[in-house]
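Ligands are counted one by one from 1 in listed order, and the atoms in each one are counted from 1 as well.
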Amino acid sequence: MAAIQLTILGSGTSMGVPTLGCHCAVCKSQDPRDKRMRASVLLSWDGHNVVIDTTPDFRAQALRAGLQRLDAVIYTHAHADHILGLDDIRPFNFHQRSTIPLYGSAETLDRIREQFGYIFRGGTEGSTVPGVELHEIVGRLQFHGVEILPVPAHHGPTSVLGFRVGRTGYLTDYSAVPESSKPLLSGLDDLILDALRHTPHVMHSTVAQSLALVEELKPKRAWFTHIAHDLGHAETNASLPEHVRLAYDGLTLEVHI
Ligand SMILES: [Zn+2]
Ligand SMILES: [Zn+2]
Ligand SMILES: [Zn+2]
């Protein structure tokens with residue numbers, strides 16, 4: 001099997017960076033790495049493409065990544081910044097002449113049924129709706145020879161799924177990782193994880209909290225994502241240990257199985 005490539009489609013927090021109406025230094029920065037669409041990643045191998053989350057920026061993200069085909073969507077959770085781009089999968093329905101499977105926890109799928117009632121009601125007066133099949137995640141996922149392992153975590157009072165593919169982990173929107181999930185994130189080459197900002201937040205991990213988790217799990221490299229406008233790319237990187245960097249939109253990593 002060819003190598004699996006992981007692309008950061010978006011590294012920004014729920015409002016994106018720049019944030020509308022904000023004139024702070026990061027929102028006004030000319031550094032392209034300070035322009036962050038909403039958090040999502042693409043996994044590509046042998047012509048297969050799976051995205052984790054469909055953000056409100058999904059269309060722009062797919063255009064920028066040159067996405068030609070979409071085999072599945074895996075959802076971390078159902079917050080608006082992770083699901084609202086779902087309608088924009090329709091061109092892939094047309095080109096592939098098929099429905100697209102969506103994977104998520106039972107809770108996430110319930111929220112998607114609720115938020116996208118028009119998809120599931122039928123009879124939409126001539127306009128097209130996404131063609132989807134819902135699949136509950138109850139264990140490891142298999143796609144064309146690649147195994148994806150769900151990693152449950154806390155997201156404030158709610159829950160979220162991280163995912164592990166080979167020796168790469170992706171954990172966005174977490175506030176804490178239960179002990180039972182930590183072994184699932186051991187022995188990683190790359191861990192991509194939420195680090196919203198320095199100021200504490202009930203739903204998200206801070207830079208200091210994520211550095212502590214990196215110290216505990218010991219991946220070879222760590223990449224922070226779901227980043228707010230509080231953190232400028234260059235200056236924050238300068239303050240981080242050598243093996244920990246801020247992710248940025250368009251960053252690609254090779255996934256080792
Ligand atoms: Zn989010
Ligand atoms: Zn700002
Ligand atoms: Zn969230």
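The number of heavy atoms from other shown groups lying within 6.0 Å of CE (Met203) is above 12. Within a 6.0 Å radius of CD in Gln115, other residues, nucleotides and ligands contribute more than 12 heavy atoms.
Between the Zn ion (ligand 2) and the N, O or S atoms of His229, the shortest distance is to ND1. Closest to the Zn ion (ligand 1) among the N, O or S atoms of Asp173 is OD2. Residue His155 approaches the Zn ion (ligand 3) most closely through its N/O/S atom NE2. Nearest N, O or S atom of His79 to the Zn ion (ligand 3): atom ND1.
Looking at His233 and Asp31, their side chains never bring a donor and an acceptor atom within 3.5 Å of each other. Side-chain atoms of Glu133 and Thr99 form a donor-acceptor pair, as typed in the model, at a separation below 3.5 Å.
For His82, every N, O or S atom stays at 2.8 Å or more from the Zn ion (ligand 3). Look at His204 and the Zn ion (ligand 3): no N/O/S atom of the residue is under 2.8 Å from the metal. Distance check for His23 against the Zn ion (ligand 2): none of its N/O/S atoms falls below 2.8 Å.
When rounded to 10 degrees, the angle formed at the Zn ion (ligand 1) by NE2 (His226) and OD2 (Asp81) equals 100°. The SG atom of Cys24 and the SG atom of Cys22 meet at the Zn ion (ligand 2) at an angle of about 110°, given to 10°.
The aromatic rings of His77 and His79 sit perpendicular to each other, their planes meeting at more than 60°, with 30° as the lower class boundary. In this structure, Phe92 and Phe58 have perpendicular ring planes: the angle between them is above 60°, well past the 30° mark. Taking the six-membered ring where tryptophan is involved, the planes of His135 and Tyr103 are essentially parallel, since the angle between them stays under 30° and well short of 60°.
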